[in-house]
Amino acid sequence: MLSSTFRRAATAAASRSNATINIAQRTMAMGPAQGGEISDELLSKLGSLSTQALVDGLWVMGWPAAQIDGARPLHPSHKCVGRAVTLNFVPARPDIAADKPPGGESPEYEAFEKCGPNEVLVMSSVGPWESVGGDIKFLRLKQRNIGGLVTDGSVRDTDEIINYGFPCFSYSTTARQGPAAMQPWECNGVVSVSGVTVRPGDAIVGDQDGVVVVPAKVAEKVYNIAHGREEIEEIVKEELIKNPGPPGKYYPFMSGKIKVDSPLGKLLATKGITPENSNQFEGSADW
């Protein structure tokens, strides 16, 4: 009898242990949603660069495409920079609508309340023409003084959103209602926007050329490369204005591959840029 009791206790303990291991394994399998932290100072520096420079910086490092092609500025004045707060939509289904937290507890309003001047709300739509929201919902984003909104879907009540004043980048505009096609399902998970992965906390930078996602884990390195490239491009442009001629003498160039004795290398030397203080030269790359 005693032996049987011990066996039952051991079996129960093993079951609890296996459950704990399974939970730990599942947590490990999913991985963390956020990839790193970006300081306000670094965020400001990233926002001082063009989206082209940031794309080039990521390309030089060999990272996948980072431009959200399906997001265009709603107004020519719109520019944004901020840390991503993500919201994922899923196709509408009766049980999804029933299980989603109702009213103010909805994942979309959870995401809204996480946004402020240094955050950009990134909304992953189920389709380019589906509405992710309009004037009444987005009034809250105006009140939160949000840094920007980016989506691969569409927005409605366009004139009112422009009047709200926060930068908005979307695939297009529409008169459609969104809830008939999709439901907000998760706040601050990893999302895909126009095929580009966005993690919460990534830097989102938008201008008239589009929107770029800078992964938090490599944001400092991307800035250093992109900033170095912009400095060199300004010098090249200045030289071509002063001495008109084909750009091919100096441009394009590959970061980390500029030769000291090349025309570009010699031009940069006259401006005090050398392998000793720049990572753009052959042998000086730090990525």
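Just so you know, these numbers come straight off a predicted model, no measurement behind them.
A donor-acceptor contact shorter than 3.5 Å is absent between the side chain of Glu220 and the backbone of Leu42. A donor-acceptor contact shorter than 3.5 Å is absent between the side chain of Ser284 and the backbone of Pro275. Arg199 places no side-chain N or O within donor-acceptor distance of the main-chain N or O of Val190, the cut-off being under 3.5 Å. For Thr86 (side chain) and Gly189 (main-chain N/O), a donor-acceptor pair under 3.5 Å exists by modelled atom type. Side chain of Asp202 to main chain of Ala216: a donor-acceptor pair is present (N/O by atom type, distance under 3.5 Å, no hydrogens or angles). Here the side chain of Arg156 pairs no donor or acceptor atom with the backbone of Gly134 at under 3.5 angstrom. No side-chain donor-acceptor contact under 3.5 Å links Ser194 to the backbone of Ile68. Side-chain atoms of Ser172 never come within 3.5 Å of backbone atoms of Ser154 as a donor-acceptor pair (strictly under, hydrogens ignored). Without hydrogens or angle criteria, Gln280 side chain to Ile225 main chain gives a donor-acceptor distance under 3.5 Å. Between the side chain of Glu105 and the backbone N or O of Pro102 there is no donor-acceptor pair closer than 3.5 Å.
The minimum heavy-atom distance linking Cys80 with Phe169 is given by the pair SG-CE1, 3.7 Å. What you find for Ala92 and Ala180 is that their closest heavy atoms are CB-O, 3.8 Å. Minimum heavy-atom separation, Ala53 to Ala226: O-CB, 3.3 Å. Considering all non-hydrogen atoms of both residues, Val81 and Gly47 come closest at CG2-CA, 3.8 Å. Among all heavy-atom pairs drawn from Pro107 and Pro101, the shortest one is CD-CD, 4.2 Å. Annotation for Trp63 and Val218: closest pair CZ2-CG1, 3.4 Å, computed over non-hydrogen atoms.
Within a 6.0 Å sphere centred on NZ of Lys100, other residues, nucleotides and ligands contribute more than 12 heavy atoms. Surrounding CD of Gln208 are more than 12 heavy atoms belonging to other residues, nucleotides or ligands, all under 6.0 Å away. The number of heavy-atom neighbours closer than 6.0 Å to OH of Tyr171, taken from other residues, nucleotides and ligands shown, is 12 or below. Shown here is Glu41, whose CD atom has no more than 12 heavy atoms of other residues, nucleotides or ligands within 6.0 Å. The environment of CD in Glu37 is sparse: at most 12 heavy-atom neighbours from other residues, nucleotides or ligands sit within 6.0 Å. For NZ of Lys221, the number of neighbouring non-hydrogen atoms (other residues, nucleotides, ligands) closer than 6.0 Å is 12 at most. Annotation: Trp59, atom CH2; neighbour count of heavy atoms from other residues, nucleotides and ligands within 6.0 Å does not exceed 12.
A chain of hydrophobic side-chain contacts below 4.5 Å, direct or via other Ile, Leu, Val, Met, Phe, Trp or Tyr residues, connects Leu54 to Leu58. Hydrophobic clustering (side-chain heavy atoms under 4.5 Å, transitive across Ile, Leu, Val, Met, Phe, Trp, Tyr) keeps Val211 apart from Val205. Note on Leu121 and Tyr164: same hydrophobic cluster, where clusters join Ile, Leu, Val, Met, Phe, Trp and Tyr whose side-chain heavy atoms are under 4.5 Å apart, directly or indirectly. Residues Leu43 and Leu49 share a single hydrophobic cluster, defined by chaining ILVMFWY side chains whose heavy atoms lie under 4.5 Å apart. Criterion: ILVMFWY side-chain heavy atoms under 4.5 Å apart, direct or through other members. Under it, Leu46 and Val212 are part of a common hydrophobic cluster.
Asp207 and Thr51 are linked by a side-chain donor-acceptor pair at a separation below 3.5 angstrom, with hydrogens and angles left out of the test. Between the side chains of Gln52 and Asp56, not a single donor N or O lies within less than 3.5 Å of an accepting N or O.
You'll find the side chain of Arg140 stays beyond 4.5 Å of the side chain of Ile146, heavy atoms only. Using a 4.5 Å heavy-atom threshold, the side chains of Asp152 and Val196 count as separate. Side-chain contact between Ile273 and Phe281: present, with at least one pair of heavy atoms (C-beta onward) separated by less than 4.5 Å. Side-chain contact between Val155 and Phe138 is present, with heavy atoms from C-beta onward closer than 4.5 Å. Within the 4.5 Å cutoff, the side chain of Tyr251 has heavy atoms near those of the Glu233 side chain. Taking the side chain as every heavy atom from C-beta outward, Val198 and Ile204 approach each other to under 4.5 Å. A heavy-atom distance below 4.5 Å is found between the side chains of Leu240 and Pro247. Leu74 is listed as a side-chain neighbour of Thr158, based on a closest heavy-atom distance under 4.5 Å.
A salt bridge does not link Lys79 to Asp209: none of the charged side-chain nitrogens sits closer than 4.0 Å to a carboxylate oxygen. Under the 4.0 Å criterion applied to side-chain N and carboxylate O atoms, Glu282 and Lys257 are not assigned as salt-bridge partners. A salt bridge links Glu238 with Lys271: at least one charged nitrogen is closer than 4.0 Å to a carboxylate oxygen.
The distance from atom CE of Met61 to atom OG of Ser255, rounded to the nearest 0.5 Å, is 11.5 Å. Separating the CD1 atom in Ile235 from the CG atom in Leu268 is a distance of 5.5 Å, to the nearest 0.5 Å. For the atom pair NZ of Lys259 and NZ of Lys266, the computed distance is 13.0 Å after rounding to the nearest 0.5 Å. Atom CZ of Phe166 is separated from atom CD1 of Ile161 by 6.0 Å, given to the nearest 0.5 angstrom. Taken to the nearest 0.5 Å, the NE2 atom of His78 stands 10.5 Å off from the CG atom of Leu149. Interatomic distance, Ile258 CD1 to Asn279 CG, rounded to the nearest 0.5 Å: 9.5 Å.
Cation-pi contact between Arg229 and Phe253: present, with separation from the ring centre below 6.0 Å and deviation from the ring axis of at most 45°.
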Between Val191 and Phe89, does the side-chain contact (heavy atoms from CB on, under 4.5 Å) criterion hold? Intermediate values first, please. CA-CA 9 Å; Val191 298; Phe89 285 85; over 6 Å; no

Full working for side-chain contact (heavy atoms from CB on, under 4.5 Å) between Thr151 and Leu87: CA-CA 10 Å; Thr151 181; Leu87 177 65; over 6 Å; no

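Arg144 pairs with exactly one of Glu119, Glu113, Lys114 by the side chain to side chain contact (heavy atoms under 4.5 Å, CB included) rule, that one being Glu113.
Relative orientation of the Tyr109 and Phe112 rings is perpendicular, given thresholds of 30° and 60° on the angle between their planes.
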